[in-house]
J.: 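Structure provided below as structure tokens; questions to follow.
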Amino acid sequence: MKQFIQRRLKNLAVWWVFVLSMPACSADLAPWANPERSERLRFGAEISLGSRDADPSTPFLRYAADNRLFAVWTEDHDTPLPQGRASSDHHGMSGKMAPSPMRNVYLAASSDGGKTWAPPKRVNSETEAVQGEENGPKVAFDKNSRAYVVWSIPGGNGDKTRANIRFAMENDKGGFTPARTLNEVNDAARFPIIEATPDGNFLIAWIDRRIDNPKPRQLYLMKMGADGRALTKNYQAGEGLCECCKLGLVFADGGKTVYMVDREVDRNKIRNHVLRKSTDGAATFGAPVEISNDGWQVPSCPHSGPSIGRDSRGWLHVTWFTVGRSEQEAGIYYSVSTDDGKSFAPRRLVHANTAPEILYNNLSVGDDDRVYLTWTNLDSYGKAQVFVRTLLADGQTWSPIQQISRAQGNTSRPVLALRNKQLQVAWTEIDGENSRVVFRSAEVGQ
Amino acid sequence: MKLSAIRATRFRSLVLSLVLTLLCAVIFVIKLGHLEAQLFQQAAPTPGPAVNRPAPTFSLRTLDGKMVSLETYRGKPLIMNFFASWCDPCREEMPLINELAANGAKQGYGVLGIAVEDTRAAVTEFAKEAKLEFSIALDLNSTVKRSYRIFGPPATFIVDPNGIIREIVLGPVTSERARDALKKASIALN
């Protein structure tokens, strides 16, 4: 009898182990479903950045020279409207304080790869209608880890599409210099990016519309010294840009070679992505090289620009979103140039759209030449979530697709940072009228 | 315990084991299929909105806090314009949408703006700055945008009094296109 009971208990234990292991197996099915395989990343718990009451959004991550990780984002200003201005439009808010478009830029640092964060510092000296989404603030650092921040505000009449680029840098007292406008023609610039050049200066790029005819926008640049003074005037480096998406930029050869990616639009509203290369430190750029002839013809406003990274072999990795020539093609794509930007390999689908939706992407390249990608796509509940995937240095082996967010609402515009075998991802989570900035970190390349 | 009783118990145990195995295998296959569909395959295309088909229903809150739905406009034609405050072509077409809204009041059709991928604050500011003269609903969680299968604003849907879509304009709407569409929706535009 005793033997029988022992056997029954043993059987039961085996079954319970089997049954309980099922969900774990199911959660890890992606490698089996994907013929290409490499490691899955193990992410730590979610961390929220910023003040939850102030609806933080639009994060951007970057490492400084001293290995501190920085995050910059925007938050609501606590005053409803400047000068107590009340709305008196016909939308029923007469006499009430309307929600304010005023937001602030915050910068926070972490010395342990994002596990803990110092209290954030406000960057903008005056409260402004700081823009977010594709047009959010960006930060770069000099060799002393001093922060240089750019962001965009609507033009004089409140028009977001005729905006201005604002800039502030960290001062010696731990605060920031008063913000100033970088575009020399008012109400004409947005989607700024800033990168530290290898020679210790800064290159700032944006999409400009000072020449409003022909309609496609222009690529404008300016150079700035580490003291914050302009080294050049604003200058045009290209034209024919789509009006609405982020730019990408990487350096090579000590800053002599500059690669930029953007989305172009032709007269038939076909939007393909291109690479522009400069061999004279961004003074001039060659003719754009098409990354992929996607043939996406869209007359509307798809705010989702490409991302670029360069590995130690000089390969240029690019990721982007396109709908292509039919909705069945839509998704996040990847391509690589192994001939210094002269040509690109045929595009490869990273993740197909699960529903009609603009997807947002970001890419980072490790010291070991692995490429890390993050993007948004809809989950089976129709919510936009954040996904990640790795491409090994062989350029062929993909990791399984991993969903790393569990948003109740939607996520938007994930960004990456990568250093010391640590991959960091941050994104905005939006649920109705509320938003928050979410951060997660994983060990990589082990 | 008798030998036959032990055998019967073992038999029951075996049957239970087989049932459990089968159950686990079914769960495994379903889960695998689900994940595969979610992660690696194009989702089966769902029927999107199309001309001469019913407009997808929705219920949203307007800028001033009222609930609005397709039913609100039942019995009169409706111009639904999906827009965002950050969108260049949306801004360019707003004078026309305003003009259509002004005519709609006289001619008995409705105009509803649906703000997508935006915030209440930004849309309020935009409505004020662009002097928008029509009702604006906030699709803050993108549910309506997704049910209308819109990749990016602007997009305009013209719906007849019975809730049937008569025209879809992806990208900026022109006055000619709006005029033709409204004719299809049985309205003569002056």
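Naming: A, B, ... by sequence-line order, numbering from 1 per chain. All values derive from a computational prediction rather than experimental measurement.
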J.: Could you list all the disulfide bond (SG atoms under 2.5 Å apart) pairs where at least one residue sits in residues 109-139 of chain B, not counting sequence neighbours?
T.: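 Checked against disulfide bond (SG atoms under 2.5 Å apart) - neighbours excluded - no pair reaches residues 109-139 of chain B.
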J.: Which atom pair, heavy atoms only, marks the closest approach of T57(B) to L70(B)?
T.: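 Answer, listing the atom of T57(B) first, then L70(B): CA-CD2, 4.2 Å.
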J.: Are any of the side-chain nitrogens in R61(B) or E433(A) under 4.0 Å away from the carboxylate oxygens of its partner?
T.: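 Looking at R61(B) and E433(A), the cut-off is not met.
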J.: Taking salt bridge (Lys or Arg N to Asp or Glu O under 4.0 Å) as the definition, give me every residue that meets it alongside E134(A), ordered by chain and number, with sequence neighbours left out.
T.: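 Applying salt bridge (Lys or Arg N to Asp or Glu O under 4.0 Å) to E134(A) gives R413(A).
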J.: Sort out for me which of C87(B), S142(B), A155(B) touches chain A most, counting heavy-atom pairs under 4.5 Å.
T.: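 Among the listed options, the one with the most contacts to chain A is C87(B).
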J.: Shortest non-hydrogen contact from T74(A) to Q131(A)?
T.: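 In terms of heavy atoms, the two residues are closest at CG2-O, 4.0 Å.
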J.: With chain A as the partner, which of A130(B), G152(B), P172(B) has the greatest number of non-hydrogen pairs under 4.5 Å?
T.: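 Most pairs with chain A among the choices: G152(B).
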J.: When rounded to the nearest 0.5 angstrom, what is the spacing between CG in D208(A) and CG in L241(A)?
T.: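 Going from CG on D208(A) over to CG on L241(A), the span is 10.5 Å.
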J.: Among A84(B), P89(B), A121(B), single out the residue with the greatest number of heavy-atom pairs under 4.5 Å to chain A.
T.: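 If we count pairs closer than 4.5 Å to chain A, A121(B) comes out on top.
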J.: Where on N410(A) is there a heavy atom nearer than 4.5 Å to chain B: the side chain, the backbone, both, or neither?
T.: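 Only the side chain of N410(A) comes within 4.5 Å of chain B.
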J.: Between the side chains of R190(A) and S152(A), does any donor sit under 3.5 Å from an acceptor?
T.: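 No pair is found: no donor N or O on one side chain lies under 3.5 Å from an acceptor on the other.
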J.: Taking NZ, NE, NH1 and NH2 as the nitrogens, is one of them in E167(B) or R177(B) under 4.0 Å from a carboxylate oxygen of the other?
T.: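 Counted as a salt bridge, because a side-chain N and a carboxylate O are separated by less than 4.0 Å.
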J.: Relative to chain A, which of R91(B), K66(B), K131(B) shows the most heavy atom pairs under 4.5 Å?
T.: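 Most pairs with chain A among the choices: R91(B).
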J.: At a 4.5 Å cut-off on heavy atoms, which part of N377(A) comes close to chain B: side chain, backbone, both, or neither?
T.: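 No part of it gets close to chain B.
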J.: Which one wins on heavy-atom pair count under 4.5 Å against chain B: K383(A), R209(A), H303(A)?
T.: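 Most heavy-atom pairs under 4.5 Å with chain B: H303(A).
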J.: Quick one: what part of K145(B) sits under 4.5 Å from any heavy atom of chain A, side chain, backbone, both or neither?
T.: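 Contact with chain A involves the side chain of K145(B) alone.
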J.: Quick one: what part of D55(A) sits under 4.5 Å from any heavy atom of chain B, side chain, backbone, both or neither?
T.: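 The answer is neither part of D55(A).
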J.: Side chain from CB out, backbone as N, CA, C, O: work out which of these in A163(A) comes under 4.5 Å of a heavy atom of chain B, or both, or neither.
T.: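 For A163(A), no heavy atom lies under 4.5 Å from chain B.
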J.: Of the listed residues (G331(A), G432(A), P302(A), G409(A)), which shares the most heavy-atom pairs with chain B below a 4.5 Å separation?
T.: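 The candidate making the most pairs under 4.5 Å is G432(A).
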